[in-house]
2 protein chains.
Amino acid sequence: MATTTTAAAAAPGGFEPEPLLTPAEVATMFRVDPKTVTRWAKAGRLSSIRTLGGHRRYREMEVRELLTGR
Amino acid sequence: MATTTTAAAAAPGGFEPEPLLTPAEVATMFRVDPKTVTRWAKAGRLSSIRTLGGHRRYREMEVRELLTGR
DNA sequence: TTCCAGTAGGGTAATTGGGGAG
DNA sequence: CGTGTCCCAATTACCCTACTGG
C-alpha cells in the first residue's frame, strides 16, 4: 500500500470517506464540555452525522474552519 | 436504451455483482469501531451478507444512504 | 502450502444522549 | 443567553483468544 500522506481511501469504488470527529475530540479542540458541542449541534450551529446508535460525529473540515475563524 | 447500466462490473450471465464493504471500511465511514458495525448487523439495523467463513460484508449503497441521513 | 492483517466471539470500562436544575 | 454539572439509560470502545480471507 503506497499510503503517502493523504491516506483517506477506505472503499474500493473510488469512494472517499469523509473524516469525522467524535464529540470528545471536538470538545477538546474548543476547550469546552462535550455537552456544549452537543448543544451546538442541536441548535444547528454545527452540522452532525449520526451513528446508527444515535451518537453524533462531526465533520473535521467544518470544525477546522470554525476553529481557524472561518 | 437496452442496457442502461451506467457503469458496472461485468459478470457472466448478465448478473450484476453488488458492491460490498468490509467491516473496517464501514467503521471508517462512520468513525466507529468495527465491532460496533458488527453490533449494528446483529441488531438488524444494517443488513449483512456472510462469507462462507462467517465474516460479514455490507452493501455500499445501504451504508451510503444511512450516512447521508437517508 | 505458509503468512498475517482483519474479523468474530465475549466481557468490561468509558462516552454519549437526553432531561432538567443551578 | 450560554455554559458546566448531576442523573440515568443506551451506545460505544477496548481487552482477550481463535478463526477466516487473500
Side-chain angles (χ1 to χ4, degrees):
Chain A
M1 278 286 243
T3 30
T4 328
T5 33
T6 32
F15 183 74
E16 282 293 335
E18 183 169 358
L20 300 176
L21 298 174
T22 64
E25 291 171 340
V26 178
T28 301
M29 295 169 69
F30 278 96
R31 201 49 157 99
V32 295
D33 194 272
K35 285 287 190 172
T36 301
V37 180
T38 298
R39 291 197 187 99
W40 293 344
K42 265 194 288 189
R45 302 159 158 280
L46 182 61
S47 60
S48 63
I49 295 178
R50 296 280 205 144
T51 68
L52 299 190
H55 286 200
R56 295 184 181 85
R57 297 284 115 102
Y58 305 94
R59 304 176 183 276
E60 180 185 33
M61 186 179 63
E62 184 179 3
V63 173
R64 261 196 344 231
E65 288 179 352
L66 292 173
L67 269 178
T68 312
R70 211 344 187 94
Chain B
M1 34 163 154
T3 50
T4 325
T5 40
T6 307
F15 181 71
E16 278 294 340
E18 180 160 5
L20 299 178
L21 299 174
T22 64
E25 290 168 346
V26 179
T28 300
M29 295 169 67
F30 278 95
R31 187 54 166 88
V32 294
D33 194 272
K35 289 299 191 59
T36 300
V37 180
T38 298
R39 204 176 301 108
W40 292 345
K42 262 194 288 189
R45 300 171 179 273
L46 181 61
S47 58
S48 62
I49 298 178
R50 310 271 276 191
T51 68
L52 299 186
H55 288 196
R56 296 185 180 84
R57 297 285 118 96
Y58 305 93
R59 305 176 182 277
E60 177 183 341
M61 183 179 62
E62 182 180 6
V63 173
R64 252 171 23 199
E65 288 179 352
L66 290 173
L67 256 183
T68 57
R70 235 309 214 157

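The model shown is predicted, which means the values in this text are computed figures rather than measured ones. Reminder, nothing fancy here: chain letters follow the sequence lines and each chain counts from 1.
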Report task. Would you indicate whether the side-chain heavy atoms of A:Arg57 and A:Glu18 approach each other to under 4.5 Å? Result ->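 Of all side-chain heavy-atom pairs linking A:Arg57 with A:Glu18, none is under 4.5 Å.
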
Among [options], find the nucleotide with the atom closest to the side chain of [X].
| X | options | value |
| --- | --- | --- |
| B:Arg56 | C:dT16, C:dG9, D:dA13 | C:dG9 |
| B:Thr51 | C:dT16, D:dG21, C:dT7 | D:dG21 |
| B:Asp33 | D:dA13, D:dG4, C:dG17 | D:dA13 |
| B:Pro23 | C:dA8, D:dG4, C:dT15 | C:dA8 |

Query - Check: B:Arg57 side chain, D:dT20 base, donor-acceptor under 3.5 Å - result: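 No pair found.
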
Query raised in the report: Between the base of C:dG18 and the side chain of A:Arg39, is there any donor-acceptor pair under 3.5 Å?
Result: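 A donor-acceptor contact between them is absent.
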
Using whole Å, what does the distance between atom [atom2] of nucleotide [N] and atom [atom1] of [X] come to?
| X | N | atom1 | atom2 | answer |
| --- | --- | --- | --- | --- |
| B:Lys35 | C:dG10 | NZ | C1' | 8 Å |
| A:Leu20 | C:dT15 | CG | P | 20 Å |
| B:Lys42 | C:dG9 | NZ | C1' | 7 Å |
| B:Phe30 | C:dT16 | CZ | P | 18 Å |
| B:Leu52 | D:dT20 | CG | C1' | 11 Å |
| B:Tyr58 | C:dG6 | OH | C1' | 13 Å |
| B:Leu21 | C:dG6 | CG | P | 16 Å |

Under 4.0 Å from OP1 or OP2 of [N]: is there any side-chain N or O of [X] that close?
| X | N | value |
| --- | --- | --- |
| B:Thr22 | C:dG6 | no |
| A:Arg45 | D:dG2 | yes |
| B:Thr36 | D:dA13 | yes |

Going by purine N1 to pyrimidine N3 plus the second Watson-Crick contact, or the G-U wobble pair, all under 3.5 Å, which nucleotide sits opposite [N]?
| N | answer |
| --- | --- |
| C:dA21 | none |
| D:dA18 | C:dT7 |
| D:dT11 | C:dA14 |

Query raised in the report: Of the non-hydrogen atoms in A:Leu52 and B:Arg45, which two are nearest, and what is the gap between them?
Result: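 Nearest heavy atoms, A:Leu52 then B:Arg45: O-NH1, 2.8 Å.
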
Requested in this report: Give a yes or no on whether a salt bridge exists between B:Arg31 and A:Glu60, defined as a side-chain N under 4.0 angstrom from a carboxylate O.
Outcome: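 Answer for the salt bridge query: no.
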
Query raised in the report: Can you tell me how far the CZ atom of A:Arg50 sits from the CZ atom of A:Arg56, to the nearest 0.5 Å?
Result: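 Answer rounded to 0.5 Å: 4.0 Å.
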
Report task. Hey, could you give me the OH/CD1 distance between B:Tyr58 and B:Ile49, rounded to the nearest 0.5 Å? Result ->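 B:Tyr58 atom OH to B:Ile49 atom CD1 measures 11.0 Å (nearest 0.5 Å).
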
Query raised in the report: Quick one: on DNA chain D, does A:Trp40 or A:His55 contact a more 5' nucleotide (nearest heavy atom)?
Result: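 Residue closer to the 5' terminus by nearest nucleotide: A:Trp40.
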
